[in-house]
There are 2 protein chains.
Amino acid sequence: METKQVQRVSEDADVLRADSLAREIFSEVANKWALLIINVLGTRTLRFTELRNEVDGISHKMLTQTLRGLERDGVVHRTVYATVPPRVDYRLTEAGEALRETVNGMCAWTRRYLDEIEAARRRFAARERDAEQ
Amino acid sequence: METKQVQRVSEDADVLRADSLAREIFSEVANKWALLIINVLGTRTLRFTELRNEVDGISHKMLTQTLRGLERDGVVHRTVYATVPPRVDYRLTEAGEALRETVNGMCAWTRRYLDEIEAARRRFAARERDAEQ
DNA sequence: CGGGATCCTGTCTGATACTG
DNA sequence: CAGTATCAGACAGGATCCCG
């Protein structure tokens, strides 16, 4: 067994396998709050409250909870200053910044196709109305 | 008012605003099932059952539900053949393919940082154990 | 085969209150 | 200021049954 951990078992790395590690990580990251936080952090370092203000609509609880998950996965780095009142800084790790590239892409996509999507929705609604009766 | 709808009101296009259209669309797309479906579709055309087999772990219900949402937003195109038994094909629209680019990035990211994330998790768990008592 | 409808469970989420 | 705990409602998600 020479190539012990050199090449990871492919099953673990396949996002499409329900029980793979890749799927687990993907599921944790692929939700709006995590992605918005990553997007907002960017290359900056933000405090908890700043983050809360930037990601409009997120609750105190979801912010801590999501940050904890991202910290656990090494996507964000958390720095605690032993001051009073306490101060906690959040910034992306290298992995986080890499992920941010694609997240930016998603945000840009949303802006880019906003009008087309709105139009598609109208067409869909119209077709639905025709369909019934 | 000459520039009536030429430039969309910026608030609608800002993913960070809780009540914006952009946020609404972003939230609909930024979830694991939607992203996995988009990733699987790629440039191919797949039938319902094929899709179900490819996206391991998705339930019949979530697949239809998510597909309906994506169809509504004009991300996937649905073709129904009036045969018996019925045949329904799904493929990405242009908007869908554009989104897929970034989704692929996320999948690639997961594979790329799999080991680092696993290590980060171990460190996090270790720190947690130290912390208590 | 594709999909709608229903029921039921668990997780997500927000509001509120409390600690260091 | 940052974070935890708790409670209650909303919603995601699975299982099952029935229809064209």
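Screening residues 32-41 of chain A for salt bridge (Lys or Arg N to Asp or Glu O under 4.0 Å), with sequence neighbours left out, gives no hits. Under the salt bridge (Lys or Arg N to Asp or Glu O under 4.0 Å) criterion, the residue pairs touching residues 53-69 of chain B are B:Arg44-B:Glu54, B:Arg68-B:Glu71, with sequence neighbours excluded. Applying the salt bridge (Lys or Arg N to Asp or Glu O under 4.0 Å) test to every pair with at least one member in residues 80-93 of chain B, sequence neighbours left out, gives these pairs: B:Arg87-B:Asp89. Sorted by first and then second residue, the side-chain hydrogen bond (donor to acceptor under 3.5 Å, both in side chains) pairs involving residues 20-29 of chain B (not counting sequence neighbours) are A:Arg121-B:Glu24, A:Arg121-B:Glu28.
The backbone N or O of B:Ala98 sits nowhere less than 3.5 Å from a side-chain atom of B:Thr102 that would complete a donor-acceptor pair. The backbone N or O of A:Val75 sits nowhere less than 3.5 Å from a side-chain atom of A:Asp73 that would complete a donor-acceptor pair. Not one N or O on the side chain of B:Thr110 forms a donor-acceptor pair closer than 3.5 Å with the backbone of A:Ala22.
A heavy atom lying under 4.0 Å from DNA chain C marks the following residues of residues 76-87 of chain B, by number: B:Arg78, B:Pro85, B:Pro86. Listed by residue number, B:Arg47, B:Phe48 are the residues of residues 34-48 of chain B with a heavy-atom contact under 4.0 Å to DNA chain C.
Scored by the side chain to side chain donor-acceptor pair (under 3.5 Å) test, B:Gln65 finds no partners at all (sequence neighbours excluded). Here B:Trp109 pairs with B:Tyr113 under the ring pair (Phe, Tyr, Trp, His ring centres under 6.0 Å) rule; sequence neighbours left out. In this view, B:Glu101 satisfies the salt bridge (Lys or Arg N to Asp or Glu O under 4.0 Å) rule with no residue, not counting sequence neighbours. Scored by the salt bridge (Lys or Arg N to Asp or Glu O under 4.0 Å) test, B:Arg17 finds no partners at all (sequence neighbours excluded).
The nearest whole Å value for the distance from the CG atom in B:Leu67 to the P atom in C:dC1 is 17 Å.
The distance from atom CZ of A:Phe124 to atom CD1 of A:Ile117, rounded to the nearest 0.5 Å, is 14.0 Å. For the atom pair CZ of A:Arg111 and CD1 of B:Ile25, the computed distance is 12.0 Å after rounding to the nearest 0.5 Å.
Side-chain N/O atoms of A:Arg52 include none lying less than 4.0 angstrom from OP1 or OP2 on D:dC1.
Interface remark: the A:His60 side chain does not form any donor-acceptor pair with the C:dG14 base, using a distance-only criterion of under 3.5 Å.
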Could you list, one pair per line, each protein nitrogen or oxygen that sits under 3.5 Å from a nitrogen or oxygen of nucleotides 8-14 of chain D, together with the distance?
| unit_1 | atom_1 | unit_2 | atom_2 | d |
| --- | --- | --- | --- | --- |
| D:dG13 | N7 | B:Lys61 | NZ | 3.0 |
| D:dG13 | O6 | B:Lys61 | NZ | 3.0 |
| D:dG14 | OP2 | B:Ser59 | OG | 3.0 |
| D:dG14 | O6 | B:Lys61 | NZ | 2.4 |

Problem set entry | Base-pairing string, 5' to 3', of DNA chain C - Watson-Crick or wobble, under 3.5 Å, | interstrand | .|||||||||||||||||||
